Amino acid sequence: MSGFDFLTTRFETALGWGRKFSLFHYPFITACCGMEYMSAACAHFDIDRFGAGLTRFSPRQADLLLVVGTVTHKLAPVLRTVYDQMLEPKWVIAFGACAVSGGIYRNYAVVQGIDRIVPVDVFIPGCPPRPETVLDGLLKLQDKIQGQRQDWRWARKT
Amino acid sequence: MGPEDLIEAVRKRLGPAVEAATDSFGDPVLILRAEAVRPALAALREPPFDFAVLLDLTCVDFAATEGRFELVYHLYSLAGNVRLRLKASVPAADPAAASLAGLWKNAEWLEREVFDMFGVRFEGHPYLRRLLTYEGFEGHPLRKSYPWRLEQPRIPLKEGP
Amino acid sequence: MASPTRLERSARPGSMLLNMGPSHPAMHGTMRIMLELDAERIVNAECEIGYLHRGFEKTCENKTWFNLLVYTDRLNYVSPLINNLGYAMTVEKMLGVAVPERAQLIRVLVSELSRVADHLTCLAAMAMESGAFTVFLYLIKAREYLWDVVEFTTGARMTTSYIRIGGVRADLHADWRAALAAAVAETRRVLKDVSGLLDNNSIFVGRTRGVGAISREDALSYGWTGPCLRSTGVPYDVRKARPYLVYDRLSFDVPVGENGDNYDRYAVRMREMEQSLRILEQAAALLPDAPPLPDGPVIEPEEAVCRSRRRRAVERVRLPPNLEGSEKERLPGLATSDGPVTVPAKEDTYTTMEGLIGHFLFFMRGKGIRPPKGDVYFSVEGGNGELGFYIVSDGTDRPYRLHLRAPCLHIVSALEELIKGRLVADVIPTFGSLNMIGGEIDR
Ligand code: SF4
């Protein structure tokens, strides 16, 4: 039995390792933070170095949802739909103060943090966060993915 | 054409449509009677004034103090390089004004915005629908009576802090 | 549930309705375009905006004149410094204060930097969406150099809040000349590369020339301003028509197009960047170096506070890094001295009673900047066109009403008409060339 245990752990590590370096992200860009997202994705800061360079503009092909910018009540159902369309396993990063908590906008129009709509894995603060902060947040997410116990729901179902 | 000459000329052309003419921080301002807004602006659009651009259209809420909404129009004439501000008041109880749709093409969206934010109806508007907020939003956010932080979520949200 | 839109009501039975957005691969910004299609051809279109409506105007009514500056950064977030400028100058017009010449030149410098960054971003997004990814990378690279200069001086890349009512916050960074020269050279190089890649690129030209064309009359009737209006041949530029700051002393041209199509909008933006780079060089030549700080002993703020309990400190106080550039000796060149309009010198606040009182009087509720009663409209040339502020003041410490004339709103209101009768693929470059900026259009 002990040999089997050993194998399971290794498998999870390998899976986590594979997943964390092939993050296909879907940028849900709404506002100013999108400019910093552009910077982070382009040549100067190059998010590709960390294995998250491939932008998929379809939620069905993505496993990382980057919510970049303010989410208003008008947009909230859209974000929810996009999240629901993504396949498991999926992760969410709240990019910028607005996505984290509503930021400087506390009024009738803005959702006070996207964690009220979708579950969030990593919060990146800043208004807007500098590209370095974004990369840091990405690394944090990768750590998290590496350490995650795999969810074997799909295995149980079959 | 200096501001005084412009105001003189416009007053002459518009006649009784103009209630008063003032000056605010150096900008020429005309106050119009609400019923006369559409014909007056249509006249200003033609030569010799040539106000071909409707720069802006907005509204100010004086409901609590003076019982009125003030519509503010900004016109710009490319030929004369002059700007003109026109104002008209509508009663706060049942705010309605004539639409400028058909005169300027951007009027449609600008009026939708004013309708959305202040609840001023524009008669003759082909498609008066909320522009910035969503259907189901109750009230008009830029009215002074609308609480600044009253949220109206469209989907159920988890409890916030 | 929702009542049918105009498009849904008028659609012919059996025709296909397609929804683009609000979160669509080929559209930056959140906007929804509903299309009625006949095969590939667009029969009818309707745009819905407001997905980024953040209640800017309402929020401003509840903030003091000084505090709401940060919200203006986030309007046209690609060129925040021009928004700061527009707001600050509108309030200055009400207050009737004169800004020192050095501050004016710095304002010109930073707003032209922003304008170039704005055009770069617009073209980058437009090019990327029509498939030219290399161009996107190049243009964003150039933007990084420009933002380096901005960051040197203002301390932030985008949301700077650097231009304040009555002047600017701090002096330029000591090494600004070298950084600016590098940025200008780099941008020139990139522009040359990009024009080599796109100007005669048959894919790009095919998707842009003759597509999304608008006539002069229609453009004016839609209230277009800025590069989009100029692409139709109308040379209207607020910097020329109603010069502000020192623009009347600088020489630059206003490039115009002919057909008002996507290609012309691209070309006008490209040529405008050249002009802005010219302005940058002229402004840099006109700007004298910052006056040197006096020699003598320097003490830390904590020590200054301690010492001044007993006697007035004579030594110069070293400011913390975030206040670098706003030393007391430099302020006369940077901020107006008419009335309590700008933040008082920090050294005085640290060391003298009067300074402390001045500081409190500036920030206290009901005090500080209080423009006289009245309403005012003022506009500057933003990245997208005439960026105007209409402000009503009732004489208190916060505005009674603040309205932004967003150039983008007027421009995008024409989109429905521009794409009617075209192919679906034409929506993308047309939308890109209009440069829709969510923060500005929805506020
Ligand atoms: S966090 Fe700041 S920069 Fe980002 S979207 Fe919000 S206001 Fe804009």
Side-chain angles (χ1 to χ4, degrees), chain A residues 26-46 48 55-59 61-62 65-83 85 96-98 102-111 126-133, chain C residues 21-32 48-63 67-68 70-71 73-80 117-118 121 124-125 128 133-134 136-145 147-148 151 156-159 437-439 442-443:
Chain A
Y26 176 92
F28 189 86
I29 296 183
T30 63
C32 354
C33 278
M35 299 300 118
E36 286 295 30
Y37 166 76
M38 279 187 189
S39 295
C42 278
H44 257 65
F45 294 96
D46 195 9
D48 206 2
T55 313
R56 303 312 303 176
F57 281 109
S58 159
Q61 300 167 356
L65 178 64
L66 273 174
V67 183
V68 184
T70 323
V71 176
T72 60
H73 285 298
K74 188 167 183 172
L75 198 62
V78 182
L79 176 63
R80 180 79 230 182
T81 313
V82 167
Y83 179 77
Q85 282 176 346
C98 280
I104 59 172
Y105 295 96
R106 171 119 169 76
N107 56 32
Y108 61 90
V110 176
V111 179
C127 184
R130 296 181 54 92
E132 294 91 332
T133 326
Chain C
S23 183
H24 187 269
M27 280 167 34
H28 53 286
T30 46
M31 175 173 165
R32 180 168 168 220
E48 186 171 350
I49 60 168
Y51 288 99
L52 191 55
H53 176 62
R54 303 191 273 198
F56 165 72
E57 292 176 6
K58 185 86 179 176
T59 308
C60 287
E61 290 173 12
N62 294 288
K63 297 276 166 190
N67 285 355
L68 68 87
V70 295
Y71 290 91
D73 278 334
R74 289 146 179 91
L75 292 171
N76 183 346
Y77 36 73
V78 199
S79 48
D118 188 298
T121 313
M128 178 186 65
F133 201 79
T134 320
F136 175 69
L137 294 176
Y138 281 10
L139 290 173
I140 298 293
K141 183 179 83 174
R143 193 181 75 171
E144 291 295 330
Y145 287 98
W147 277 3
D148 277 351
E151 191 186 353
R157 287 157 58 84
M158 281 171 52
T159 45
I437 300 289
D442 299 337
R443 281 152 288 152

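Computed from a prediction, not measured in an experiment: that's the story for all the values here. The chains referred to below are lettered A, B, ... by the order of the sequence lines, with proteins before strands, and numbering in each begins at 1.
Taking every heavy atom of both residues into account, A:Lys74 and C:Gly50 meet most closely at CD-O, 3.4 Å. Contact between C:Arg54 and A:Thr72 at its shortest, heavy atoms only, is CG-CG2, 4.4 Å.
Note: A:Ala31 leads A:Ala31, A:Cys127, A:Ala109 in heavy-atom pairs under 4.5 Å with chain C. Listed options C:Asn76, C:Leu52, C:Thr30 were ranked by heavy-atom pairs under 4.5 angstrom with chain A; first place goes to C:Leu52. Of all the listed residues (C:Asn62, C:Ile437, C:Ile140), the one sharing the greatest number of non-hydrogen pairs under 4.5 Å with chain A is C:Ile140. Note on C:Tyr71, C:Tyr77, C:Tyr138: by heavy-atom pairs under 4.5 Å with chain A, the leading option is C:Tyr77. In terms of heavy-atom pairs under 4.5 angstrom with chain C, the leader among A:Ala43, A:Pro27, A:Ala41, A:Cys42 is A:Cys42. Ranking A:Cys33, A:Cys32, A:Ala76, A:Pro128 against chain C, the residue ahead of the rest is A:Cys32, based on heavy-atom pairs under 4.5 Å. Counting heavy-atom pairs closer than 4.5 Å to chain A, the top residue among C:Lys58, C:Arg157, C:Met158 is C:Arg157.
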Using side chain to side chain contact (heavy atoms under 4.5 Å, CB included), reason through C:Trp147 and A:Met35 one step at a time and then give a plain yes or no.
CA-CA 11 Å; C:Trp147 277 3; A:Met35 299 300 118; 3.9 Å; yes
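Neither the backbone nor the side chain of C:Phe133 comes within contact range of chain A; no heavy atom of the residue lies under 4.5 Å from a heavy atom of that chain. With a 4.5 angstrom heavy-atom cutoff, C:Lys141 touches chain A via backbone and side-chain atoms both. The part of A:Arg130 that comes within reach of chain C is its side chain, from C-beta onward, which places non-hydrogen atoms under 4.5 angstrom from that chain. Of the atoms belonging to A:Pro77, not a single heavy atom falls under 4.5 Å from chain C. Interface residue C:Arg143: only side-chain heavy atoms are found under 4.5 Å from chain A.
Distance alone, capped at 3.5 Å, places no donor-acceptor pair between the C:Thr59 side chain and the A:Tyr105 backbone.
C:Glu61 contributes atom CD, which lies 11.5 Å from atom CG of A:Asn107 (distance to the nearest 0.5 angstrom). The CD1 atom of A:Ile104 sits 8.0 Å away from atom CG of C:Asp73, with the distance rounded to the nearest 0.5 Å.
Judged by distance alone, the side chains of A:Thr70 and C:Arg74 never bring a donor and an acceptor atom under 3.5 Å apart. Side-chain N/O atoms of A:Tyr108 and C:His53 include a donor and acceptor closer than 3.5 Å.
Looking only at side-chain heavy atoms (C-beta outward), C:Met128 and A:Met38 stay at 4.5 Å or farther from each other. Looking only at side-chain heavy atoms (C-beta outward), C:Glu144 and A:Ser39 come within less than 4.5 Å of each other.
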